[in-house]
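Counting starts at 1 for both ligands and their atoms, following the listed order. Nothing here was measured: the structure is a model prediction, and the numbers come from that model.
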Amino acid sequence: MCGIVGYIGNKKAVPVLINGLLSLEYRGYDSAGVAVLNPNNSDYILKVVKDKGRVKILQDNSELETITGNVGIAHTRWATHGMPSKVNSHPHLDNSGKFAVVHNGIIENYVDLRKKLLDNGYTLYSDTDTEVIPNLIHMNYNGDILEAVSKTMKELKGSYAIEVISPLFADKIIVAKKDSPLVVGIGEDENFIASDIPAVLAHTNNFYFLDEQEIAVVEKNLVKFYDINLNEVTKDIKNIEWDAESSEKNGYEDYMLKEIYEQPQAIRETIGSRLSLDKKVSLGLENVDFKAFNKIYIVACGTAMHAGIASKYAFEKFCKIPTEVDMASEFRYRNPLIDEHTLCIFISQSGETADTIAALRLAKEAGSTTISIVNVIGSSITRLSDYTLYTHAGPEIAVASTKAYTCQVTLLNILVINIAESLGYESKELNSFKSSLLELPDKVKQTLETNKLVKDFADKVYTQKDLYFIGRGTDYAVSMEGSLKLKEISYIHSEAYAAGELKHGPIALIENGVTVIGIATNPITTEKTLSNLEESITRGASVLVVTNQNIKNDKIDYIINVPETDSILSPIISVIPLQLFAYYIAKNKNLDVDKPRNLAKSVTVE
Ligand code: M6R
């Protein structure tokens, strides 16, 4: 996830672009840059200033003072392909230096496109997927920029919101989008482009929204829209009345809610081109001899560890290797039985968690192979691990992790397929598992529609003191995550139990005024979990069930129906109502959901 801004009008472009980038920093902040068409005699030249680091570093760059042009594009980056560095930052130029491009999204077929460009004599200077775009535009340009952009779009697979400027058409910015956000803001004798409304809300409340695979030609007094085949499209302007605070969060009240709603896209980007039905998964682990392992350890903290617990079932089922999940803080001090026959998988959103780093070092000393699942590119864990696989969740700002979790579970399951295929365990079941994974972004989107019912239940039970989550198998795994989410942002005491364990002690706590949330998505265990819920109802508990089974039971207060999927993948879906539940409870209690007390986003101490 990155942020892009564009300006065309009579003002100096740089200050407008920098202010826009500052309000988009929540989308990414590892490098930033601008490209402006600067007057040069009777012509224009492209001036590009960019650097690693936050927008402030760019803002303080004295080179910007020499730029007076009125047409420009800008970018703040959240690295996905290529480390944060000056050469990898945007804007990127084509080899002729005539086309400058900024891009938000992921070009999934960039390896093939890079090869095509290299075969055609182009040089690529960065490690990014983006650099193919200006060069493809150059390759496809025969004097008509719209045709060149349309041809280029047809070659790109993946997601993109792009802006293109060039001295060859100095009165225009060309923009295009697919699966990444882009808006055009309308002013008087000036127009604006941005990833999100907040970036330009100081200048206008009137916006056009681009639809999928559309192109816009933005001039200072005119905006025209086209589909990918260059048929003109008409659009209505929408008036957006947002206050400054809500605009920063793109209209959401809190980052946590925004991040919950970003999950379909984040999962889609994490799957990217890694998974398809017609070929084997390839995660760049060809040098790993998976036959050498007799044990897998998954090690992490908090929500990341819960992602590991939710995925353990898949490792054992499809890879047939005994798999243990451990808290990094325990693993590092308990002399775990690991050696060169152990595969150790570390999970971390930040890539900076002190306990996870220490556990990783221990595993390396013991000679184990280490693979890490990380969200923040270039973070410490990625530098220490033998192999790193990135979730493409984008920056997660709320302390309570939401989209990182669903992306971690998604990527772990893709890793499962990679290992199973390397071990020769292909099967019909594995193929249908792949299909189920590919359906997840749409199903998660559908699941977000449970929000009203979940809020309703939260409104009723938010004053309660104790809350329990129960489930079996992967439903138990997701119960732990639901319980952690609730604890950390609502400060309500909560525990997760394997449903069958309730009668071995915890049921003594169930009485009037207690709430029990059951997760029942596995057809084999649903009846059993329902019986355990009935036992709780009999003792006075209010009960909510999250299920994809056809449950008819009048005694249950709320039934949240979620889409069906392979029960191994169900945590990715059933966690959504639990995240929303924790969120609405905390909102009812007027708490700061993004910054809960006593917690930090990245725990870099023991
Ligand atoms: O950055 P990491 O994924 O390594 O962080 C691990 C935990 O600190 C983190 O998941 C924590 O539990 C979250 N606040 C939970 O929402």
Using modelled atom types only, decide if a donor and an acceptor are shared between the side chain of Q263 and the backbone of V444 within a distance under 3.5 Å.
no
Indicate yes or no: does R54 engage E25 in a salt bridge with an N to O separation below 4.0 Å.
yes
With distance as the sole criterion, is a donor-acceptor pair present between the side chains of S401 and E396 under 3.5 Å?
yes
Which residue and non-hydrogen atom of the protein lie closest to atom 5 (O) of ligand 1, and at what distance in Å?
T353 OG1, 3.5 Å
Tell me yes or no: between the side chains of H392 and E269, is some donor less than 3.5 Å from an acceptor?
no
Kindly identify the option in H306, M305, M256, Q349 whose heavy atom sits closest to atom 3 (O) of ligand 1.
Q349
For ligand 1, which atoms, with element, lie under 4.0 Å from some heavy atom of S401?
15 (C), 16 (O)
For K485, counting its heavy atoms only, list the atoms of ligand 1 lying under 4.0 Å from any of them.
15 (C), 16 (O)
Looking at atom 9 (C) of ligand 1, what's its closest protein heavy atom, distance included?
T303 N, 4.1 Å
Please check whether Q408 reaches ligand 1 - meaning an N/O of the residue sits under 3.5 Å from an N/O of the ligand, judged on distance alone.
no
re atom 16 (O) of ligand 1, the protein heavy-atom contact at minimum distance is E488 OE2, 2.3 Å
Between Y405 and V575, is there a donor-acceptor pair closer than 3.5 Å when you use the side chain of the first and the backbone of the second?
no
Sub-3.5 Å N/O-N/O distance, V399 and ligand 1
yes
Look at D456 together with K452 and state whether they make a salt bridge at an N to O cut-off of under 4.0 Å.
no
Sidechain-backbone polar pair: S483 side chain, F469 backbone, donor-acceptor under 3.5 Å
no
List ligand 1 atoms under 4.0 Å from A304, heavy atoms only on the residue side.
3 (O), 10 (O)
Heavy-atom nearest neighbour in the protein, as seen from atom 8 (O) of ligand 1, with distance rounded to 0.1 Å
V603 CG2, 3.9 Å
S350 neighbourhood, listing ligand 1 atoms whose heavy-atom distance to it stays under 4.0 Å:
1 (O), 2 (P), 4 (O)
If you count the atoms of ligand 1 from 1 in the order shown, which ones are under 4.0 Å from a heavy atom of A400?
16 (O)
Closest to atom 6 (C) of ligand 1 among protein heavy atoms sits C301 O, 3.4 Å
What pairs with E324 under salt bridge (Lys or Arg N to Asp or Glu O under 4.0 Å), at least two apart in sequence or on another chain?
K295, R334
A side-chain contact here means heavy atoms from C-beta on lying under 4.5 Å apart; do Y390 and L411 qualify?
no
